[in-house]
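Everything numeric in this text was worked out from a predicted model, so none of it was measured. Lettering follows sequence order; numbering is per chain, from 1.
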Amino acid sequence: MFRLIAQRLLLGIVTLWVISLLVFSATQILPGDVAIAILGNESTEEARQALRDRLGLEKPMMERYGNWLAGMVQGDLGLSLATETPVSRIVGLRITNSLILAVVTAVLAVPISVGLGLLSAAYPGSIFDKTLTVGSLLVISLPEFVVGLLLVLLLAVQLRWLPAVVSTPNFSTVDGIIRTLTLPALTLLASVQAHMIRMTRAAVLDVMRRPYIEMALLKGASKRRIILRHALPNALAPIVNVVALNLGYLVSGVVIVEVVFSYPGLGRLMVDAVATRDIPVVQVTGMIFCTAYILLTLAADVAAVFTNPRLRYAK
Amino acid sequence: MTKPTDKSIEANGLTRREFNTTAAAAGAAVAAAGMIAGGPRQAAAQATPKKGGKIRAAWDSTSAKDTLDPAKTLSLLDLGRATLMYNRIVEVGPDMKLRPGLATSWESNKKADEWVFKIRKGVTFHNGKTMTAQDIVYTIHRVLNPDVASPARVQIEDIDPATLRAEDNETVRFKLKSPNADMAGLFAIQHLNVVPLGATDFMKPIGTGPFMCKSFEPGVNAVFVRNPNYWKGNGMPYLDEVETIGIPDPTARFNALLAGDIQAMTKVDASLLARAKNAPGIDIMSTPGPAYASYPMRSDAPPFESNDTRLALKYAVDRQKLLDLAYAGQGVIANDQPVPPFDPFYCAENKAKAYDPDKVKFHLKKANAENQVFELYTSTAIAGGVDAANVYAEMANKAGANVKVVVAPADGYWAATWMKKPWAMSFWWGRPTADSVMSVTFTSGARWNEGAWKNPKFDQLLKDARAITDVPKRKQLYCDAQMLLSNDGPSLIPIFTNWIDGKSSKLKGIVPHPMGSLGLFFWDGAYLDT
């Protein structure tokens with residue numbers, strides 16, 4: 001089993017390396033000129049050239065990639081082009097905000113979705129099941145920014161319960177936390193719930209057709225006991241997998257949600273950095289998102305191994 | 001028609017261009033603008049201002065690049081924050097007249113190449129230190145210093161740094177390398193907001209302005225609190241606290257205003273105006289300004305080297321219809337030159353060309369370009385640019401000129417398309433003086449001569465006007481220059497666009513200013529009427 005995990009880890013590192021190539025080359029082909037983006041369109045050519053020289057923007061691409069990768073591996077994330085302060089400082093300020101949002105959403109979304117999926121599987125074909133199916137599919141068909149705007153219109157503009165933007169998060173009071181996180185977390189929840197609900201329902205129902213469930217039914221076990229004790233453990237692998245996938249999706253979802261709510265997290269930092277052509281910041285945020293995604297899929301693989309004895313004792 | 005485009009990209013495209021532009025205004029002055037359309041007209045003087053209260057205001061951009069160093073202000077947000085906490089040497093009032101700032105008076109010699117500024121007594125910085133002429137000299141030297149890399153350096157580089165000195169605590173004297181009768185007007189640009197002698201740390205900045213910086217986090221917010229020792233007196237400023245943030249998404253920004261999270265915002269999208277009209281407790285401030293979209297035709301190459309082609313395309317637009325359809329009526333008709341109607345040197349006799357299909361056909365025939373297809377490049381990087389181009393093309397085609405719109409990506413538009421294609425739209429925020437707004441894009445050697453237009457007569461007119469202190473004579477020269485631009489120049493400039501801002505109706509005492517959003521952020525007289 002450890003071999004398997006080590007193998008996955010190694011693969012993860014290789015994937016990261018490939019991603020570093022992609023991120024680096026993608027940021028190189030962004031149109032426009034860094035010097036113009038930083039100094040403004042009305043800057044003089046001498047000023048632009050001086051900036052390019054100072055930032056080493058005209059060194060060969062391979063040399064810059066080498067320096068960048070070597071720095072990353074050693075934990076040196078480089079300097080922001082726009083502010084000439086360490087990227088690690090800028091990212092550090094924002095990453096906590098994004099993490100809090102993602103974790104709170106996950107803590108809410110996973111139990112709610114899996115729970116609803118189980119209920120749905122317990123009463124397949126019932127009105128509850130059908131309503132849930134239609135409702136969750138309807139919500140996921142809308143892009144995050146539409147869901148976000150609808151929630152803002154209802155809860156912020158019409159009812160005035162919550163702020164329409166959370167540009168300055170406040171985590172020091174309970175009231176502050178609720179006002180800061182409710183709308184962004186609800187929007188993210190809307191975008192990840194359907195997949196988890198549907199998958200839980202399908203996986204459990206699939207198991208429910210197995211002979212041992214029939215056996216349990218015949219020996220007189222209650223429905224609750226059948227689902228929780230007999231069906232769920234056997235359906236866990238696909239569920240864990242889809243949960244991890246959706247947590248991975250949260251990572252990209254925060255980018256859009258942070259922009260819609262003006263929430264100062266990593267996602268908004270990345271969008272701002274693309275606009276100002278602050279390439280080192282774009283690269284680092286890109287790498288952080290990819291790393292998070294890889295770690296989550298890795299966790300899913302490992303969890304699948306743990307929940308499946310056949311994989312656990314693989315020869 | 002006003003289909004929302006990708007506004008977040010558009011907003012960022014604009015930011016890049018919010019350069020040394022929005023701040024100041026011309027020399028001596030007449031005329032006044034700054035009317036409110038849509039919102040209730042409000043005069044600060046009529047009501048008694050109430051003291052106290054906090055407001056939050058949102059701009060259309062924010063990033064890690066935000067700065068409180070006035071010499072480096074780049075975005076409207078930087079400009080607004082600087083105006084809250086600093087003072088300028090000279091101010092431009094809402095009537096476009098120069099008024100004393102930290103300088104109480106100024107004069108030049110007859111040739112306008114040697115200047116003396118008298119500095120105000122009894123002004124203290126937020127740290128209690130007294131402001132003197134040395135602080136002013138330091139501020140000017142900073143902007144002139146190439147290492148500081150202030151975008152405003154080019155605007156005041158006529159100042160000879162070797163001659164710039166404080167004669168005593170209340171007198172600043174300097175010589176110019178070449179005459180400039182507009183010098184005092186240039187001292188009203190935001191980059192010359194006065195900082196104390198030796199200031200280098202702009203994370204904890206010190207100024208003399210109505211509000212003091214309490215906290216600042218680039219890309220997140222800056223909070224300002226009332227300066228109890230403000231030199232303008234009269235109990236000003238009235239607000240206790242102003243929090244400044246950026247919300248790049250136009251819809252999110254507007255929702256925040258509707259929800260009462262913020263009390264003021266810059267740039268209300270034209271597509272949101274209908275919603276704004278029905279919203280209770282919200283005022284829209286729509287103020288005629290100097291900003292314009294330009295359609296510069298490169299006159300050094302076909303098909304635009306013939307002035308007949310250029311004239312044909314200038315006659316091919318129904319300007320009022322364009323204003324109504326593409327800008328929701330929020331603007332003023334322009335006459336193919338960049339000096340706005342409220343500028344003291346605006347030439348009123350120079351009428352805008354009327355839509356005239358006969359003249360279009362006549363000039364096209366003369367230029368032998370009847371079957372020519374004219375590709376007009378535009379982008380969402382230009383406020384309202386795509387809508388305007390489409391409306392224009394429709395009118396031009398009806399008049400017999402075959403205009404085809406090409407929408408280029410907003411990302412990188414300024415580097416890859418503008419000034420590269422023969423006909424690519426641009427957007428300018430206007431400039432402090434008639435001289436600077438014309439010379440920056442139309443003189444032969446200009447860095448942004450986007451129409452590649454070379455006219456020795458025009459160059460000479462501007463040069464002569466700069467060295468004359470007699471106002472009526474200058475006005476005549478500038479009038480001739482504007483006529484030349486309209487009748488021979490490379491650019492179609494159909495509209496000056498308004499500043500469209502939103503605010504809570506409880507927030508009062510903000511006097512509309514032609515040079516910028518929300519009264520150019522002169523908020524010392526702003527108060528909450530609760």
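Both the backbone and the side chain of B:Ala64 come within contact range of chain A, each with at least one heavy atom under 4.5 Å from a heavy atom of that chain. Interface remark: B:Leu258 contributes backbone and side-chain atoms alike to the contact with chain A (heavy atom separation under 4.5 Å). For B:Thr62, the parts lying under 4.5 angstrom from a heavy atom of chain A are both the backbone and the side chain. Looking at A:Leu159, neither its backbone nor its side chain comes within 4.5 Å of chain B, counting heavy atoms on both sides. Only the side chain of A:Leu153 has a heavy atom closer than 4.5 Å to any heavy atom of chain B.
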List the atom pairs, with distances to 0.1 Å, where a side-chain N or O of residues 280-288 of chain A and a protein N or O form a donor-acceptor pair under 3.5 Å, not counting sequence neighbours.
unit_1   : atom_1 : unit_2   : atom_2 : d
A:Gln283 : OE1    : A:Trp68  : NE1    : 3.2
A:Gln283 : NE2    : A:Thr27  : OG1    : 3.1
A:Thr285 : OG1    : A:Val281 : O      : 2.7
A:Thr285 : OG1    : A:Val282 : O      : 3.0

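Side-chain contact between A:Val260 and B:Asp249: absent, with no pair of heavy atoms (C-beta onward) separated by less than 4.5 Å. In this structure, the side chains of A:Thr168 and B:Glu243 come closer than 4.5 Å at one or more pairs of heavy atoms. Between A:Pro264 and B:Glu217, every side-chain heavy-atom pair lies at or beyond the 4.5 Å cut-off.
When all heavy atoms of B:Val220 and A:Ser167 are compared, the pair lying nearest together is CG1-O, 3.6 Å. Pairing each heavy atom of B:Pro248 with each of A:Ser262, the nearest pair is CD-OG, 3.9 Å.
For CZ of A:Arg52, the number of neighbouring non-hydrogen atoms (other residues, nucleotides, ligands) closer than 6.0 Å is greater than 12. Other residues, nucleotides and ligands contribute more than 12 heavy atoms inside 6.0 Å of the CE atom of A:Met61.
A donor-acceptor pair under 3.5 Å is formed between the side chain of B:Asp261 and the backbone N or O of A:Val165.
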